[in-house]
Amino acid sequence: MPETAGTGPLLLLGPLLRHVDPVSATLWVETDRSCEVEVLGRRARTFCVNGHHYALVVVEGLEPGTSTPYEVHLDGRQVWPQPHSAFPPSRIRTAGRPGPFRLAFGSCRYATPTTVDVRDGIPPDALDSYARQACALPEDQWPDALVLLGDQVYADEVTPATREWMAARRDLDQPPGAQAADFEEYTRLYMESWSDPQVRWLLSNVPSSMVFDDHEMIDDWNTSAAWRAETTTTDWWRRRISGGLVSYWVYQHLGNLSPNELAQNETWQAIQARVTDDAGPMLDAMALAADREPQTVRWSYVRHWGRTRLIMVDSRAGRVLEEGDRKILDDDEFGWVEAAVQNAVTDGVDHVLIGTSLPWLLPHSVHDLERWNETLSVRHHGKPLGRLAEKLRQAADLEHWAAFGQSFDRLGRLMVSLGRGELGTAPATAMVLSGDVHHAYAAELVNPGGLDTRVHQLTVSPLHNSAPHAIEIGFKVGWSRWARALTGGLRALARVERSPYEWRKQSGPYFGNELGELLLDGSDARFLLWATSRDDDGTPHFTQVLDTRLS
């Protein structure tokens, strides 16, 4: 029988269907107390983190290419599907089914539609709208994967209800103010973000892959050495970064790992060995070490989807920030990315996807500004002009791949080698999937030439937020010839080296709340873009605004 309040453990969040391959799947839940979680006869005991209870159930022994309805039981009682649910039953659909592979992606989702302040004027939630659309479709038209590219929660932009809740537990006039201060406050952000019924159903059916961006921790996270020197020495930083990284590990990262990776993950195995203990102190130590020494934790990972390969890259936590040697990834991490790309080529995939929260190819004028700013910051470090450049860097968020010139060029060399077949047989497409910049566009690398692979930048953001008017104007004109001429002149005046890579805008920019889809069928690839809008009477709409071929 389904659960009722007061009769047993409650399912607070989930189930989230996370890693799925041809023969196994992992499902994540949060419960209100310690209990045993069962899915399809496989059982897992909850583990405790700072008084909160979670479980990751590994379901193995599935058949490739199958669709299996499932239920969630807590201490033997059914809690999912919920009683009288209007949604189709949740299913595990293993890899290996015939037909095209449909991947949905996007970033930047601020809470749920029911928790935001209507005075903010945020357009309808694209993820919520996509879920409504998907549940009305036949199962064979549901997406096969969902990729969330950062800012799944906003630690520094809280809803009115959360602000009121925070004020009841601490003085918001003291730093960090009305922002997440510790693990407890982060758990509320995830509850707000993942609790609305449509999205909850979607996440229970579609395998999800996630990575953080800055707002999961703090705006402008790891922008520069100057930023770290100022922020990480405050008396509130340790609790903030510990709460942010521990909650990310629990709510997002754990589900990114395959069963084999879970078996090799020392932190996860230590928690399983002492499942009755509160893992909070152990994870706090892990998080603080990761903040000080990023090489102690690898947040990047790989997803294997038949003839499609996703290499998800941490472009935030592992940065090298010395002004004379700035890198968005350290050398070991970049070597890992290069090896993952080589493995994809060796395995003969048709499509290589690089997931990174921050766009690689920006509008040309924005790219020039970031390279110009980095050059001045390095050249005049410690001098008045260098300090002015640093202030501009932080104020204007000049911190994408373009602001880390070494890394931008190294990724460019990797994509060119991939596209020319220097690593082996060239795939049909290589795509960088990104978010962050609160609009959507598609761009394609056109120089150097000699590419057998089409190389794309696909950016989709936000799922549920809004772009300030100044950002809209900046990115609309950022692709224009006159803006590029202006920033190109600025770059030349400062003797900034010109990029060896050229790219062109294929479509966009699009503003509003949006979700992207890739439809991959053999060597063919299409990019679809969906956007939300409202009628004058407030009725929300979800419409396709783009369908373009990429291969």
* To do: Could you tell me whether Gln295 atom CD has more than 12 heavy atoms of other residues or ligands within 6.0 Å of it?
  => yes

Rounded to the nearest 0.5 angstrom, the CG-CG distance for Asn50 and Asp182 is 8.5 Å

- Task: Inspect the surroundings of CZ in Arg163 and state if more than 12 heavy atoms from other residues, nucleotides or ligands are less than 6.0 Å away.
- Result: no

Using the six-membered ring wherever Trp is involved, compare the ring planes of His52 and Tyr54 and label them parallel, tilted or perpendicular (cut-offs 30° and 60°). parallel

The reported gap from CZ in Phe47 to CG in Asp277 (rounded to nearest 0.5 angstrom) is 13.5 Å

Practice task
Flag the pair Val246 / Tyr186 as yes when at least one side-chain heavy-atom distance between them is below 4.5 Å, and no otherwise.
Solution key: no

For Pro15 and Leu27 the tightest heavy-atom approach is CB-CD2, 4.3 Å

Is a side-chain donor-acceptor pair under 3.5 Å present for Ser258 with Glu261? yes

Note to self: Could you tell me if Ser315 and Thr356 have a donor-acceptor pair between their side chains, going purely by distance under 3.5 Å?
What the structure shows: yes

| query | side chain to side chain donor-acceptor pair (under 3.5 Å) between His304 and Arg309: does it pass, once the steps are laid out? | reply | CA-CA 5 Å; His304 298 253; Arg309 187 70 48 87; 3.2 Å; yes

Quick check against the 3.5 Å criterion: does Arg33 have a side-chain atom that pairs as donor or acceptor with the backbone of Leu10? no

Distance col, row Leu515:CG vs Ser461:OG, nearest 0.5 angstrom, shows 11.5 Å

**Full working for side chain to side chain contact (heavy atoms under 4.5 Å, CB included) between Leu127 and His464** = CA-CA 8 Å; Leu127 193 62; His464 187 223; over 6 Å; no

Interatomic distance, OG@Ser193 vs CD@Gln152, rounded to 0.5 Å, equals 7.5 Å

Next item on the list: May I ask you to decide if Ala428's main-chain N or O and Asp350's side chain share a donor-acceptor pair within less than 3.5 Å?
Entry: no

- Would you check if the side chain of Glu333 reaches a backbone N or O of Leu329 as a donor-acceptor pair within less than 3.5 Å? no

- Strictly by modelled atom types, are Thr429 and His351 linked by a side-chain donor-acceptor pair under 3.5 Å? yes

*Worked check of side chain to side chain contact (heavy atoms under 4.5 Å, CB included) between Asn343 and Val302*: CA-CA 11 Å; Asn343 289 339; Val302 175; over 6 Å; no

Interatomic distance, OG@Ser242 vs CE@Met217, rounded to 0.5 Å, equals 10.5 Å

Side chains of Arg316 and Val211, heavy atoms from C-beta outward: is any pair under 4.5 Å?
no

Point to revise | Sidechain-backbone polar pair: Glu216 side chain, Asp213 backbone, donor-acceptor under 3.5 Å | key: yes

Next item on the list: Would you sort out whether Tyr190 and Glu30 count as a side chain to side chain donor-acceptor pair (under 3.5 Å), showing the intermediate values?
Entry: CA-CA 11 Å; Tyr190 282 101; Glu30 180 179 0; over 6 Å; no

Expected output: side-chain Asn513 to main-chain Pro124 donor-acceptor under 3.5 Å:
yes

Please determine whether side chain to side chain contact (heavy atoms under 4.5 Å, CB included) holds for the pair Tyr110 and Asp151, giving the CA-CA distance in whole Å, both sets of side-chain angles, and the decisive distance to 0.1 Å. CA-CA 8 Å; Tyr110 170 59; Asp151 296 343; over 6 Å; no

Item checked: Any Arg240 side-chain heavy atom under 4.5 Å of Asp156 side chain -> yes

Backbone N or O of Ala95 within a donor-acceptor pair of the Trp305 side chain at under 3.5 Å? no

Exactly one candidate in Leu433, Leu148, Leu463 meets side chain to side chain contact (heavy atoms under 4.5 Å, CB included) with Phe105; the answer is Leu433

Check: Taking atom CD of Gln544 as the centre, does the number of heavy atoms from other residues, nucleotides or ligands within less than 6.0 Å exceed 12?
Finding: yes

Next item on the list: Could you walk me through whether His541 and Ser533 pass side chain to side chain donor-acceptor pair (under 3.5 Å), step by step?
Entry: CA-CA 5 Å; His541 289 284; Ser533 61; 5.7 Å; no

Anything under 30° is parallel, anything over 60° is perpendicular, the rest tilted; go ahead and classify Trp530 against Phe542. parallel

Paired with Phe212, the ring pair (Phe, Tyr, Trp, His ring centres under 6.0 Å) test is passed by just one of Trp299, Tyr251, Trp249, namely Trp299

With the side chain counted from C-beta on, respond yes when Pro9 and Glu36 share a heavy-atom pair under 4.5 Å apart, and no when they do not. no

- prompt: Is there a donor-acceptor contact under 3.5 Å from the side chain of Arg526 to the main chain of Thr548?
  reply: no

Does any N or O in the side chain of His439 come within less than 3.5 Å of the main-chain N or O of Val437, such that one atom is a donor and the other an acceptor? yes

Note to self: Assess the residue pair Ser208 and Arg18 against the criterion (side chain to side chain donor-acceptor pair (under 3.5 Å)); give the C-alpha distance rounded to whole Å, side-chain angles, the decisive distance to 0.1 Å, and a yes or no.
What the structure shows: CA-CA 5 Å; Ser208 53; Arg18 298 303 312 275; 3.0 Å; yes

Practice item. Taking the side chain as every heavy atom from C-beta outward, state whether Leu519 and Glu517 have any pair of such atoms under 4.5 Å apart. Key: no

For Trp194 and Gln252, the nearest pair of non-hydrogen atoms, with its separation, is CH2-CG, 4.2 Å

Closest heavy-atom pair, Phe183 versus Val49, reported as atoms and distance to 0.1 Å, is CE2-O, 3.5 Å

Salt-bridged, Arg97 to Glu139, with N to O below 4.0 Å? no

Quiz prompt | Side-chain heavy-atom pair Leu146, Leu203 within 4.5 angstrom cut-off | solution = yes

Q. Below 4.5 Å, heavy atoms only, C-beta onward: do Leu283 and Ile271 meet side chain to side chain?
A. yes

Nearest heavy-atom contact between Ile328 and Arg319 is O-CG, 3.6 Å

- prompt: Does a donor on one side chain and an acceptor on the other come within less than 3.5 Å for Ser300 and Trp336?
  reply: no

Looking at side-chain heavy atoms only, is the closest gap between Ser434 and Thr459 below 4.5 Å? yes

ask   = Would you say the side-chain atoms of Asn205 pair up with the backbone N or O of Arg91, donor to acceptor, closer than 3.5 Å?
value = yes

Correct closest heavy-atom pair for Gly255 and Thr26 would be O-OG1, 4.2 Å

One should read off an interatomic distance between Leu353 CG and Leu520 CG, to the nearest 0.5 angstrom, of 6.5 Å

query = Is there a donor-acceptor pair under 3.5 Å between the side chain of Gln269 and the backbone N or O of Leu262?
reply = yes

